[in-house]
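Comments concern the structure below.
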Amino acid sequence: MSQANSTIAPASRAADQPVALAFDIAVVGAGPAGLAAATAAAQHGKTVVLIDAAAHIGGQYWRHPDERNPRGSEDDGHHDWNAFVQLRDRLRTGMRSSRIVHLANTHVWFLETTGPTISDQGSGWILHLTPTTDTAPNRPLAVRGRRLILCPGGYDRQLPIPGWDRPGVMAAGGVQALLKGHRSLAGRRAVVAGTGPFLLPVAKQLAEAGATVVAVCEANRLTGWARHARSVIGVPAKAIEGAEYASALARHRIRYRTRTAVIRIDPDAAGTRAGTVHLAKLDADGRIVRRLNAVDVDLVALGWGFTPSMELITAAGAETRVDLDQSLVAVVDDNQRATVPGLYIAGEATGVGGAQLAVAEGELAGIAAAGAELEQAGRIRALRRRISRFRAFASAMHAAHPVPECWHDWLTPETLVCRCEEVSYNTVRLARDELVQCRAFRR
Ligand SMILES: Cc1cc2nc3c(=O)[nH]c(=O)nc-3n(C[C@H](O)[C@H](O)[C@H](O)COP(=O)(O)OP(=O)(O)OC[C@H]3O[C@@H](n4cnc5c(N)ncnc54)[C@H](O)[C@@H]3O)c2cc1C
């Protein structure tokens, strides 16, 4: 076991100085997967550095207000909070024994492998860090880990529609992040739209915080789940969660409309709120079959599922594949080992599948990276069974809630596709046509 150096090197370290902090295992991401990975590895005797860009542990699923300044009960709006408390206790135990160092507010912006010849500390990984706030000035610029576990999670998948760049139109995950992290309501009268089960907690949490949710618009039919009944039965907790949401929607009189989408948003005169939201009924491929009455709201929460953060995974050179939901995901074996030696990957980055799956994968990655597979053979078998059940449920979810194939029929030539660079749908189409013509000409 290498010694975890608890002295944090100042950020002014010269580039040619050796990396100050060396650990057996570096874990990126303190969400469900990373917390489980770090605590499992530490329990098996390894020194661990756990790095996260956020101020608090918990990732997206267990996002919560500042623990030093709580507002309301800390488990408000959360599922599986007990699982989080257990992981947090284990993390604190690990930190007290100096086995785990947690670097919060710290972004990993680059990583590289080290060969045995570079230093006397053996081969492994160097992670290059930058603080995300100026209240964390004494962060090291880099840390070293003999093994690396990447748990970078994911983010909301978005589709551009006319008006999606207006004030009051937000990613559903962003709306929820304001509620969970700051107890703050993004609007008083809302429509929640897109596809997937995630629309339900967002609508419920908005309503419980005092908003009027005019409708939840789900682009698909729920009958898509019927073909995967066995996968749903395998994870009864998810079915119970779904029933809880259905009852919350009924209690708050929120209309749940299937095969319905928000296809355009016209801003209000002041341009400060979402404005008029145009809804349409869709066919199975997402073509508009009928326009519905428009509604006036100040908030539109759009969510089309999640997609993994792949930056560090591709930077590490790990093999990737396209998952059922068309997301790029990491290839791992049944010990969460990636195709690059010394690298393990867990959580959303191996395929979007939810927090419980992320915890199971994280624990397995922690055990495997710590080299404790033999002594933990029974636990590993149990984790693999759990992973397989949750993976089957995730596959059912992706099959039941695809992004409708013809969603781009809703766009106009002027619709902004890239809000940062202000690139329109028409510009993208022209570029594509030009590329196709060039290829045809070369042939
Ligand atoms: C916005 C959003 C809201 C969600 N809400 C729900 C919900 O209500 N119910 C539900 O069942 N599921 C929800 N999910 C899905 C659920 O959060 C995930 O399934 C679960 O959190 C996955 O755990 P994870 O550990 O893989 O990733 P995450 O929880 O996403 O954690 C990843 C962590 O990695 C950190 N990170 C990433 N890159 C870097 C880097 N380069 N340097 C440093 N740190 C880094 C991030 O800050 C983050 O804390 C949500 C997902 C998102 C994106």
Side-chain angles (χ1 to χ4, degrees), residues 26-38 49-64 77-81 83-84 87 102-111 127-132 139 143 148-158 170-181 196-206 235 237-238 241-242 244-245 301-316 327 329-330 336 345-363 365 390 393-394 397:
V27 179
V28 181
L35 283 172
V49 60
L50 174 64
I51 308 164
D52 200 298
H56 306 291
I57 59 168
Q60 299 287 3
Y61 188 64
W62 288 313
R63 185 186 283 277
H64 56 285
H78 281 285
H79 272 95
D80 307 322
W81 189 252
F84 172 71
L87 287 167
H102 172 218
L103 299 179
N105 290 318
T106 305
H107 185 78
V108 178
W109 64 272
F110 182 61
L111 49 79
L127 307 184
H128 296 268
L129 314 175
T130 185
T132 55
R139 286 284 170 262
V143 291
L148 173 61
I149 307 178
L150 291 177
C151 310
Y155 49 89
D156 286 82
R157 182 195 277 129
Q158 280 306 310
M170 295 179 64
V175 169
Q176 192 200 51
L178 282 176
L179 284 167
K180 276 185 176 178
F198 180 54
L199 304 180
L200 302 175
V202 175
K204 172 180 179 264
Q205 287 157 1
L206 277 170
V235 187
K238 291 279 184 193
E241 200 180 323
E244 280 170 19
Y245 290 134
L302 297 173
W304 294 95
F306 304 111
T307 196
S309 298
M310 295 299 286
E311 295 83 356
L312 292 178
I313 288 151
T314 49
S327 288
V329 301
Q336 302 303 129
I345 301 173
E348 301 291 63
T350 65
V352 169
Q356 292 81 3
L357 175 60
V359 168
E361 287 192 354
E363 184 181 340
F390 277 100
F393 181 86
M397 177 179 74

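Each ligand, and each atom within it, is numbered from 1 in the order the structure gives.
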Pick one of side chain, backbone, both or neither for how Leu312 approaches ligand 1, counting any non-hydrogen atom pair under 4.0 Å.
side chain
Subset of ligand 1 atoms that lie under 4.0 Å from at least one heavy atom of Gly29:
33 (C), 34 (O), 35 (C)
Report the member of His79, Glu361, Gln205, Gln176 with the shortest heavy-atom distance to atom 4 (C) of ligand 1.
Gln176
I want to confirm something. Looking only at heavy atoms, which of Gly59, Cys151, Ala315 is nearest to atom 32 (C) of ligand 1?
Cys151
Please list, in number order, the atoms of ligand 1 under 4.0 Å from a heavy atom of Gly153.
26 (O), 27 (O), 28 (P), 30 (O), 32 (C)
Mark up the atoms of ligand 1 that fall under 4.0 Å of a heavy atom belonging to Pro152, in ascending order.
32 (C), 34 (O), 37 (C), 38 (N)
Aromatic plane relationship, His64 with His56 - under 30° parallel, 30 to 60° tilted, over 60° perpendicular:
tilted
Looking only at protein heavy atoms, what sits closest to atom 31 (O) of ligand 1 is Gly31 CA, 3.6 Å
Checking side-chain contact (heavy atoms from CB on, under 4.5 Å) for the pair Leu129/Val108: CA distance, chi angles, key distance, verdict?
CA-CA 5 Å; Leu129 314 175; Val108 178; 3.7 Å; yes
State the atoms of ligand 1, each with its element, that fall below the 4.0 Å cut-off from a heavy-atom position in Gly347.
26 (O)
What is the nearest protein non-hydrogen atom to atom 41 (N) of ligand 1, stated with its residue, atom name and distance?
Val108 O, 3.0 Å
What is the distance from atom OG1 of Thr132 to atom CG of Asn105, rounded to the nearest 0.5 Å?
4.0 Å
Please check if the side chain of Asp156 supplies one atom and the backbone of Ala171 the other of a donor-acceptor pair under 3.5 Å.
no
Record the part of Arg63 in heavy-atom contact with ligand 1 below 4.0 Å; permitted values are side chain, backbone, both and neither.
neither
Identify the closest protein heavy atom to atom 2 (C) of ligand 1: which residue and atom is it, and at what distance?
Phe306 CE2, 3.6 Å
Identify the protein heavy atom lying closest to atom 18 (C) of ligand 1, giving its residue, its atom name and the separation to 0.1 Å.
Glu348 OE2, 3.3 Å
So, does Ala355 sit close enough to ligand 1 that a heavy atom of it is under 4.0 Å from the ligand?
yes
Between atom CD of Glu363 and atom CG of Leu87, what is the distance when rounded to the nearest 0.5 Å?
8.5 Å
Just verifying a value: how many Å separate Leu312 CG and Leu148 CG, rounded to the nearest 0.5 Å?
8.0 Å
for atom 47 (O) of ligand 1, nearest protein heavy atom and its distance come out as Asp52 OD1, 2.7 Å
Within-cut-off N or O pair, Glu241 and ligand 1, under 3.5 Å:
no
Give a yes/no verdict on whether any heavy atom in Leu357 is under 4.0 Å from an atom of ligand 1.
no
Kindly compute the distance separating CG (Leu35) from NE2 (His102), expressed to the nearest 0.5 Å.
8.0 Å
With a cutoff of 4.0 Å, is Gly154 in contact with ligand 1, counting heavy atoms of the residue only?
yes
In terms of atom number and element, which parts of ligand 1 are under 4.0 angstrom from non-hydrogen atoms of Tyr155?
53 (C)
Side chain, backbone, both or neither: the part of Ala33 lying under 4.0 Å from ligand 1 by heavy atom:
both
I'd like to know if the side chain of Arg157 and the backbone of Gly305 have a donor-acceptor N/O pair within less than 3.5 Å.
no
Report yes or no: does Asp52 contribute a side-chain atom to a donor-acceptor pair with the main-chain N or O of Ala54 at less than 3.5 Å?
yes
Which protein heavy atom lies closest to atom 23 (O) of ligand 1, and at what distance to 0.1 Å?
Pro32 CD, 3.3 Å
Numbered in order shown, the ligand 1 atoms found under 4.0 Å of a heavy atom of Thr106 are 43 (C)
In sequence, state the C-alpha distance, the side-chain angles, and the governing distance for Leu127 and Leu111, and then conclude on side-chain contact (heavy atoms from CB on, under 4.5 Å).
CA-CA 4 Å; Leu127 307 184; Leu111 49 79; 3.6 Å; yes
Counting non-hydrogen protein atoms only, what is the nearest one to atom 13 (C) of ligand 1? Give residue, atom name and distance.
Tyr61 CD1, 4.0 Å
Gap between atom CZ of Arg63 and atom CG of Leu178 - 0.5 Å precision:
9.0 Å
Verify, without hydrogens or angle tests, whether Gln158 (side chain) and Leu302 (backbone) share a donor-acceptor contact under 3.5 angstrom.
yes
When you look for heavy atoms under 4.0 Å from ligand 1, do you find them on the side chain of Phe198, its backbone, both, or neither?
side chain
Please name the pair of heavy atoms, one in Ala301 and one in Val175, separated by the smallest distance, quoted to 0.1 Å.
CB-CG2, 3.8 Å
Taking it one step at a time, do Lys180 and Gln60 satisfy side-chain contact (heavy atoms from CB on, under 4.5 Å)?
CA-CA 9 Å; Lys180 276 185 176 178; Gln60 299 287 3; over 6 Å; no
Geometry only, no angles: is Gln60 polar-contacting ligand 1 at N/O separations under 3.5 Å?
yes
Which class fits the ring pair His79 and Tyr245: parallel under 30°, tilted 30 to 60°, perpendicular over 60°?
perpendicular
So the atoms of ligand 1 within less than 4.0 Å of a heavy atom of Gly354 turn out to be 19 (O)
Ligand 1 to His107, heavy atom cutoff 4.0 Å, flagged ligand atoms 40 (C), 41 (N), 42 (N), 43 (C)
What distance separates Glu348 CD from Met310 CE, expressed to the nearest 0.5 Å?
12.0 Å
Looking only at protein heavy atoms, which one is nearest to atom 44 (N) of ligand 1, and what is the separation?
Ala53 N, 3.0 Å
